[in-house]
Amino acid sequence: MKWIDIRSDTVTVPGEEMRRVMASAEVGDDVYGDDPTVNRLEEMSADILKKEAALFVPSGTFGNQLSILTHTLRGDEVIIPASNHIIVHEAGASAVIAGVQMRTLDCDDGKPSAERIRSAIRSEDLHYPRTGLICLENAHSSGRILPMNYIREIYELASAQKVPLHLDGARIFNAAIAEGVSPAEIASCSDSVMFCLSKGLGAPIGSMLVGKREFIAKARKGRKIMGGAMRQAGIIAAAGVFALERMIDRLQIDHDNAKYLAEGLSKLPKIEVFFDRLDINMVFFRITGKASSKFIVETLHDKGIKINPPEAGEWRFVTNLNVTREDLDIVLEEFEGALTRTLAS
Ligand SMILES: *Cc1c(COP(=O)(O)O)cnc(C)c1O
């Protein structure tokens, strides 16, 4: 059975061509620095973001947490929007791994004002923790991009205060396309960037941590400590190389499809689509009438469509490379059917 899966863009599976380059990848022991495919992927990643160096890591969470571990000292404070992935979806890892204190700033859109960030940076005082890092996320998990002038402003502020800035750029390529800028332009407003190969770009495994040479050398040691130094990793790095060469430009299709899906959903009864955060491949909406989300999820599942139940009353559908316009028409039709039935009951 062919599933239509719009739960996330992490569900994408490698296609024929990607699998072929993986099968024929030249490999070596990457812990000795001997894997040419990993080396190539790291060079390409640094080049694309115009940074000095890059490191291949097993996951986005790994890359973010390794970055925090590398930038900070135990007991440091990290300033971060409370809605970011690092806070909400990484199982409290920064407390366990880096041993830092998270100074969360409440804001749904991932962009607390420069003033709020400035006043959260600690001054020198015996009682205060040291502010060790500021984290931002672009594109943000709410479906929005952070405007260039905003991230520029925050980076200038951080640099002036000598606090490093880490960007969780899991979807930096989506952000760049939506923003109409190069990924390097976004990356220029940060000291380190993590981006994912395994989301919209379609690789099965892997993320990159990118930054200054010295920072990446230190992170390489941290990766070893965290158990993430891999041996013949070229097999999976090959998928990453393929993704960077071939899968970035097509993300525009996912964005267009998200807009198409959003338009279709907005025409259904009792549906409110949040068009103000439809920047990338994610559609957020809520049902304003009395509907059983369990009924909707199960009914669609029976029709071969996988969706996530709503979180705090909010639904999220994510377009990706394994989902076509025709698939979206099926989603709209089946969703309308289930919605109409549950609203009427
Ligand atoms: C998916 C995601 C991550 C983590 O990636 P994993 O590979 O799932 O660990 C980090 N940040 C953001 C914004 C993400 O969407």
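Both counts, for ligands and for their atoms, begin at 1 and track the order of listing. Source: prediction; values computed, not measured.
Judged by distance alone, with hydrogens and angles left aside, the side-chain atoms of Asn320 form a donor-acceptor pair with the main-chain N or O of Ser8 at under 3.5 Å. For the pair Glu42 (side chain) and Phe56 (backbone), a donor-acceptor distance under 3.5 Å is present.
Classified by interplanar angle (parallel below 30°, tilted 30° to 60°, perpendicular above 60°), the ring pair Phe285/Trp315 is parallel.
Remark: ligand 1 atoms within the under-4.0 Å shell around heavy atoms of Glu90 are 10 (C). If you number the atoms of ligand 1 from 1 as listed, the ones under 4.0 Å from a heavy atom of Ser59 come out as 7 (O), 9 (O). Interface atoms of ligand 1 facing Arg171, defined by a heavy-atom separation under 4.0 Å, are 15 (O). Of all atoms in ligand 1, listed by their number and element, those nearer than 4.0 Å to a heavy atom of Thr61 are 4 (C), 5 (O), 6 (P), 9 (O). Residue Asn64 approaches ligand 1 through these ligand atoms, each under 4.0 Å from one of its heavy atoms: 10 (C), 11 (N).
Using a 4.0 angstrom heavy-atom cutoff, His140 does not count as in contact with ligand 1. At least one heavy atom of Lys199 sits less than 4.0 Å from an atom of ligand 1.
The shortest N/O to N/O separation between Ala170 and ligand 1 does not fall below 3.5 Å. Where the criterion is an N or O separation shorter than 3.5 Å, residue side chain and backbone included, Glu137 fails it with respect to ligand 1.
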I would like to know whether Asp76 and Gln101 meet side-chain hydrogen bond (donor to acceptor under 3.5 Å, both in side chains); could you show each step before the answer? CA-CA 6 Å; Asp76 275 2; Gln101 165 166 299; over 6 Å; no
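Nearest protein neighbour of atom 11 (N) of ligand 1, counting heavy atoms only, is Asp168 OD2, 2.6 Å. Scanning all protein heavy atoms for the shortest distance to atom 7 (O) of ligand 1 gives Gly60 N, 2.8 Å. When hydrogens are left out, the protein atom nearest atom 10 (C) of ligand 1 is His85 ND1, 3.2 Å; that is the closest non-hydrogen contact.
When only modelled atom types and interatomic distance are considered, Ser141 and His85 share no side-chain donor-acceptor pair under 3.5 Å.
Between Asp109 and Arg144 there is no salt bridge, since none of the side-chain N atoms of the basic residue sits less than 4.0 Å from a carboxylate O of the acidic one.
Considering every non-hydrogen atom in both Leu201 and Leu321, the closest pair reads C-CD2, 4.3 Å.
Side-chain contact check for Asn322 versus Asp5: every heavy-atom pair is 4.5 Å or farther apart.
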